[in-house]
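I have placed the structure first, in the form of C-alpha cells, so that the comments after it can refer back to it.
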Amino acid sequence: QCLLLGGGEGGSARNGFTDSVDSARSGLSAFRSGYSGELTDGQRVIKSFVQRMVRGRTLRMLSKTGGSVQCLVHLDRELKHIYIQRAGMRDAKKRSISLRSVQDICIGRDLDEEVELPLDDLSVTLLLDEGAAIAFRLEDEEDRDVFAKCVRMFVRGVKKEAARQARHR
C-alpha cells in the first residue's frame with residue numbers, strides 16, 4: 001500500500017498508530033524541547049522514532065542485484081534530510097536525500113513491477129523525484145509502519161513549510 005503524501009493513505013493503520021497532525025506536532029515539539037511530561041501513545045512513538053533516527057540506525061537497503069546492504073540511516077535534527085551511508089565502512093560516501101524529493105512512500109510489495117528491487121512485506125520504498133527509488137527492509141510490521149508513517153509525516157511537513165515560504169516571497 002502506498003501512503004499518499006497529498007492526503008489519506010491507501011489502507012488503514014494496523015497498529016493503531018496515531019497519525020493526526022496535532023499529535024505529530026506535539027510529539028515533534030516534545031522531542032525538540034526535551035519535554036518529558038505526559039505524552040500520548042502517538043507522541044511517544046514519534047519521539048522514540050525521531051530520537052532513534054537522529055542518532056542513526058542500521059537498516060538493510062535493498063539492491064537491484066537482488067540482495068541488500070547494511071546501511072547507517074539517520075535524519076538530520078531539522079527532520080529535512082535522510083542520510084544513508086554503507087555500514088562498517090568509515091570512508092563510505094554519505095548520500096543525502098532531501099525529504100522534499102520524496103514523491104511517495106510505499107509499504108510492502110506494491111511496487112514489485114515498477115521498481116527493480118527485491119521487495120517483501122517488510123519493505124518501505126521511497127519514490128523520489130525523477131523516478132529513483134530507495135527501499136529499506138524493516139524488522140517487523142510495526143517497525144515498518146512506524147517508519148513509513150513518520151517519514152511521510154516529515155515529508156508532508158517539509159513540503160508544507162516550502163509552500164508557505166514560497167507564498168511569502
### Task
Decide whether Y83 and M53 are clustered together by the hydrophobic rule: side chain heavy atoms of Ile, Leu, Val, Met, Phe, Trp, Tyr closer than 4.5 Å, transitively.
no

### Query
If you group Ile, Leu, Val, Met, Phe, Trp and Tyr by side-chain heavy-atom gaps below 4.5 Å, do M61 and V73 land in one group?
yes

### Query
Rounded to the nearest 0.5 Å, how far does NE2 of H74 lie from OG1 of T58?
11.0 Å

### Task
Examine L127 and L122 and state if one hydrophobic cluster contains both, with Ile, Leu, Val, Met, Phe, Trp and Tyr joined whenever side-chain heavy atoms are less than 4.5 Å apart.
no

### Task
Identify whether V54 and V155 are in the same connected component of the hydrophobic contact network (ILVMFWY, side-chain heavy atoms under 4.5 Å).
yes

### Query
If you take all heavy atoms of S63 and L117, which pair is closest and at what distance?
C-CD2, 3.8 Å

### Message
If you compare all heavy atoms of S123 against all heavy atoms of P118, which two are closest, and at what distance to 0.1 Å?
### Response
OG-O, 4.5 Å

Side-chain donor-acceptor contacts of residues 87-98 below 3.5 Å, not counting sequence neighbours, with atom names and distances?
unit_1, atom_1, unit_2, atom_2, d
S98, OG, R100, N, 3.1

### Task
Would you check if F154 and V102 make a side-chain contact, meaning some heavy-atom pair closer than 4.5 Å?
no

## Note on the structure
Here the gap from I84 atom CD1 to L126 atom CG, rounded to the nearest 0.5 Å, amounts to 7.5 Å

### Message
For the CD1 atom of I82 and the CG atom of L59, what is their distance to the nearest 0.5 Å?
### Response
9.5 Å

### Query
Looking at L119 and A135, what are the two nearest heavy atoms and their distance?
CD2-CB, 3.8 Å

### Message
With rounding to the nearest 0.5 angstrom, report the CG to OG distance, L39 to S48.
### Response
11.0 Å

### Message
With a 4.5 Å cut-off on side-chain heavy atoms, are I107 and D145 touching?
### Response
yes

## Note on the structure
To the nearest 0.5 Å, atom CD of E161 lies from atom CG of L99 at 11.5 Å

### Message
What I'd like to find out is whether the side chain of V45 reaches to under 4.5 Å of the side chain of K149, using heavy atoms alone.
### Response
no

### Query
Which of these, R137, R57, R60, sits in a salt bridge (Lys or Arg N to Asp or Glu O under 4.0 Å) with D143?
R57

### Message
Testing the basics here: between S68 and L62, what is the closest heavy-atom pair and its distance to 0.1 Å?
### Response
CB-CD2, 4.0 Å

### Message
Using a 3.5 Å distance criterion without hydrogens, assess whether the side chain of R144 forms a donor-acceptor pair with backbone atoms of D121.
### Response
yes

### Message
What I'd like to find out is whether the side chain of F147 reaches to under 4.5 Å of the side chain of I105, using heavy atoms alone.
### Response
no

### Separation of L75 CG from K80 NZ (nearest 0.5 Å)
13.0 Å

#### Entry: D120 vs R109 side-chain heavy atoms within contact, under 4.5 Å
yes

### Query
Shared ILVMFWY cluster between V151 and L128, side chains joined below 4.5 angstrom?
yes

